[in-house]
Amino acid sequence: MTVWKTSVRNFLAHKGRMALSAVAVLLSVAFVCGTLVFTDTMNTTFDKLFAATSADVTVGPKSAEGADEMPENGRPESLPASVLAQVAKADGVKDVEGAVSSMSVTVVDRNNTNMGSETGAPTIAANWTRNDLRSMEISSGHAPRGPTEVMVDADTADKHHLKIGDELRTVAVTGDVKAKISGIASFTVTNPGAAVVFLDTATAQRTLLGAPDVFTHVNVTARPGVEDTELKKNVAAALGDTGAYKLQTQKEAADANKDSMGSFLDVMKYALLGFAGIAFLVGIFLIVNTFSMLVAQRTREIGLMRAIGSSRKQVNRSVLIEAVLLGVVGSVLGVAAGIGLAVGLMKLMGAVGMELSTGDLTIAWTTPVTGLVLGVVVTVLAAYVPARRAGKVSPMAALRDAGTPADAKSGWVRAGLGLVLTGSGAAGLWATTRVDKASEGSLYLGLGVVLTLIGFVVIGPLLAGVVVRGLGVVVLRLFGPVGRLAERNALRNPRRTGATGAALMIGLALVACLSVVGSSMVASATDELDRSVGTDYIVQSNTGQLVVPQAAEAVKKVPGIERVTEYKVLAAKLTNPDGTTEERHVTAADPTYPKDLRRTTVAGDLAKAYGETSMSVGSDYAAQHGIEVGDELTVAFKAGKTAKLTVRAITSDDTSVDQGAMYTSIATAGTYVSADRMPGNMIMFAMAEDGKEKEAYADLKAALAPYPQYKVQNQADFKQDLKDQIGQLLNIVYGLLALAIIVAVLGVVNTLALSVVERTREIGLMRAIGLSRRQLRRMIRLESVVIALFGALLGLGLGMGWGTSAQKLLALEGLGVLEIPWPTIVTVFVASAFVGLFAALVPAFRAGRMNVLNAIATDG
């Protein structure tokens, strides 16, 4: 009990000094709990939506794509209307209705503005059914009653300011349908952002499926008292040949939809938790420094405790109890902050188009428990080494001055271990650059990153002595005696400086690594485009939608265009000469495609691959299956019949564009796949006539203006789009890494604040012999700047090493250009100096306000 009381008293006595460590724990726990609450809420939202929209039993075609797949030809697989009569005869059936639904559509308003979501949520066109009343209600107007009427969901109507009577155009592969809004339907569950329009059944069949009397699925409602599983068996028996159909209960249909979303949500969840882990790692350095400095400042106090009978274990336990208290306080606040962060993320997602209701806010009991356990465990582990150090304080320490650090120099053992780890990590990074396959190098890269990071942390005190002196010559000596004092203060405790700089080093190393990788990817892709793309314009959709026939015809009719190349992708099952089978995609293109994309051929003649019953394969596939020019492959097209195609060329896979692609002509594919089953164009290429490039570019954009889902890009546009996409991704990552950098800044603030307390008497004496307040504040600011620059220098150097090694793996995938983004690196380095200045504001201000006499009179 005495140890507990002593620990609580010490904790409360030094609560101000521990505040920033508590904030670090708070931020880290908040990020973890916020991520868990946010992703759990998204799961709850989708669970409710999928459960509400699923019928008791759903009957669909066996060959239908998954919920997250687009049909190859833009038309969903369908069932004949006769299935309804068969299903209606099954025992336990209360109601049967045919449904039509497609996500291969675009809906635009009178001004050709796309009504679809910008967050990646689908646009869905369907017929209005009784099953829709499970999740929606008509809030105004009425359901569509003919081809001139359409109903839209309330969220889309609100977002785009639509009202009854406004005209919408639905664009599908079979054509465009114009209709006026006759009604608005509101979701009774949360709609995460999909845009939904409803047509009457006949129009939906004609527009979405291209044929009357067909449905994408059949909704079956059970009579009271009939279980879904029983109803499913009865329906299967009524249908007889169940091999042609896919039957799902409400739970099975909801689970299938959840599975299609689950991978995306898991990636998001674990990525965010990864960044939270980085923040925790950085926070460990802050906590270690805090307790190390508190132990050093309480050396005399601990010595007195030892002198009056406290054992080493009791002193050790006392410090660990303080760590537990710190962890509990920080974690409890962090759990609460995490819930607030999750709500904030939901509001942010709502602002960009993904609606998440706070009514679905899900806080599982595991979330606060995880936050508390993680926060306390990490804090206690971080405080363990300082606690052991406290336990080793001897009773004789009561006779010495307090605050004198016992670890002014790093031990030779630590330095040797750091050098071994760093050398081993460097060897791993070097091995990464020597492998022949990216899969082999990823292990070496991961090992190299981990070992060099740990090595730099361990060797930090040794590096601090060297790097800080170098920075002192370049930066601090310009400020005369004050600069030299700042340098000596930073070198006074190399272990402390090393740990503080290491916290900042981790975040900046990741920033530098990703910057190198991102810049190299852009530079490599740009170089590849310059070398291989021989067309003027590229037409494609950002969302992966196929080019509808009417848009393709519009492209072909543009004046000033010399040639147009179509590019389609077909799913197929290949049987190789070695007897193996493999499911692959075969690219069917016009014979002009080799002019639009110049591919290196390692064997044969690529032009001949576009001849009758001919094809090409990639070099990796050919090597894997022993394929040579002249060999015959059996290609079973998923959408058609089986073909025997002769390999006329083998293309090099040392590229980032169309890597691994297998080519054949559209004419050859058309022999085995009927016109109504032939996929739409995934992408189209256009070449302008000489001297008409500008006019053709403008005319292409004008021709596709009615189809806002497609973009017309010249090569400059395409490169800029690629750069913007990678830039946006990096900005998101930088934003998430900002949490770790904030925690690192708190570490610098805490180190300086505790250092000022530790040097109270020294500061008083310096002020007494003539150091002005302004000089004192400058000294502390310069000390902070040099620590920040030390961390930045290590981090940026380490990150560039990681990024350079990672680029060597990308080179094996065709991205062979290494580009160091020097403007970004220099900007981050300079910004680190300002970070140091900012971190020193409060400690420098408090030091400047010290009373000289009271400071001199301070006992340690």
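The shown structure was predicted, so the numbers you read here are calculated from the model rather than taken from an experiment.
Between S805 and Y444, the side chains place no donor N or O within less than 3.5 Å of an acceptor N or O (distance only, hydrogens not considered).
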Determine, stepwise, if the pair T497 / L491 fulfils side chain to side chain contact (heavy atoms under 4.5 Å, CB included).
CA-CA 7 Å; T497 299; L491 291 171; over 6 Å; no
Full working for side chain to side chain contact (heavy atoms under 4.5 Å, CB included) between I741 and L508:
CA-CA 8 Å; I741 295 173; L508 296 186; 4.0 Å; yes
Stepwise side chain to side chain contact (heavy atoms under 4.5 Å, CB included) test for V328 and V324:
CA-CA 6 Å; V328 169; V324 170; 4.1 Å; yes
Intermediate values then yes/no, side chain to side chain contact (heavy atoms under 4.5 Å, CB included), L776 and M850:
CA-CA 11 Å; L776 176 61; M850 279 186 186; 6.0 Å; no
Could you give the side-chain donor-acceptor pairs of residues 25-42 under 3.5 Å, partners two or more places apart or in another chain?
{"residue": "S28", "atom": "OG", "partner": "A24", "partner atom": "O", "Å": "3.0"}
{"residue": "T35", "atom": "OG1", "partner": "F31", "partner atom": "O", "Å": "2.8"}
{"residue": "T39", "atom": "OG1", "partner": "T35", "partner atom": "O", "Å": "2.8"}
{"residue": "T39", "atom": "OG1", "partner": "L36", "partner atom": "O", "Å": "3.3"}
{"residue": "T41", "atom": "OG1", "partner": "V37", "partner atom": "O", "Å": "2.7"}
{"residue": "T41", "atom": "OG1", "partner": "T362", "partner atom": "N", "Å": "3.1"}

Determine all donor-acceptor pairs shorter than 3.5 Å in which one atom belongs to a side chain in residues 821-841; sequence neighbours excluded.
{"residue": "T827", "atom": "OG1", "partner": "P823", "partner atom": "O", "Å": "2.6"}
{"residue": "S832", "atom": "OG", "partner": "V828", "partner atom": "O", "Å": "2.8"}

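Nearest approach of G799 to A512, heavy atoms of both residues: CA-CB, 3.9 Å. Scanning all heavy atoms of the two residues, the minimum distance from G375 to S331 falls at CA-OG, 3.2 Å. For the residue pair R777 and A844, the shortest heavy atom distance occurs at CG-O, 3.2 Å. The two residues M766 and L485 come nearest to each other via the heavy atoms CE-CD1, 3.6 Å. Across all non-hydrogen atoms, the minimal contact from V743 to A279 is CG1-O, 4.2 Å.
Side-chain contact between L809 and V435 is present, with at least one heavy-atom pair separated by less than 4.5 Å. Between V517 and Q807, the closest side-chain pair of non-hydrogen atoms is not below 4.5 Å. Taking the side chain as every heavy atom from C-beta outward, M505 and L793 never approach each other to under 4.5 Å.
Applying the side chain to side chain donor-acceptor pair (under 3.5 Å) criterion to S519, with sequence neighbours excluded, gives no partner residue. Partners of S424 by side-chain contact (heavy atoms from CB on, under 4.5 Å), not counting sequence neighbours, listed by chain and number: V420, L451. Listed by chain and residue number, W365, V373 satisfy the side-chain contact (heavy atoms from CB on, under 4.5 Å) test with V369 (two or more places apart in sequence, or in another chain). Taking L737 as the reference, F275, I278, L510, V511, L514, V733 meet the side-chain contact (heavy atoms from CB on, under 4.5 Å) condition, with sequence neighbours excluded. For A22, the side-chain contact (heavy atoms from CB on, under 4.5 Å) partners are L326, not counting sequence neighbours. For R477, the side chain to side chain donor-acceptor pair (under 3.5 Å) partners two or more places apart in sequence, or in a different chain, are E487.
T500 places a side-chain N or O within 3.5 Å of a backbone atom of R496 that can act as its donor or acceptor partner. In this structure, S21 contributes its side chain and I287 its backbone to no donor-acceptor pair below 3.5 Å. Within the 3.5 Å criterion, the main-chain N or O of W430 finds a donor-acceptor partner in the side chain of T433.
Legend: side-chain hydrogen bond (donor to acceptor under 3.5 Å, both in side chains) pairs involving residues 460-469, not counting sequence neighbours: none detected. Screening residues 272-285 for side-chain hydrogen bond (donor to acceptor under 3.5 Å, both in side chains) gives no qualifying pairs among residues at least two apart or on separate chains. The side-chain hydrogen bond (donor to acceptor under 3.5 Å, both in side chains) pairs that include a residue from residues 454-466 number zero, where partners must be two or more places apart or lie in different chains. Among residues at least two apart or in separate chains, side-chain hydrogen bond (donor to acceptor under 3.5 Å, both in side chains) pairs with a member in residues 787-804 are T452-W802.
Note that CG of L789 and CG of L782 are 10.5 Å apart. Values are rounded to the nearest 0.5 Å. Here CE of M800 is found 11.0 Å from CG of L818. Values are rounded to the nearest 0.5 Å. The CG atom of L443 sits 8.5 Å away from atom OG1 of T432, with the distance rounded to the nearest 0.5 Å. Taken to the nearest 0.5 Å, the CG atom of L421 stands 10.5 Å off from the CG atom of L453. To the nearest 0.5 Å, atom CD1 of residue I780 and atom CZ of residue R846 are 10.5 Å apart. Between T44 atom OG1 and I363 atom CD1 the span is 10.5 Å, to the nearest 0.5 Å.
Within 6.0 Å of atom CE in M521, 12 or fewer heavy atoms from other residues, nucleotides or ligands are found, so the atom counts as exposed in its surroundings.
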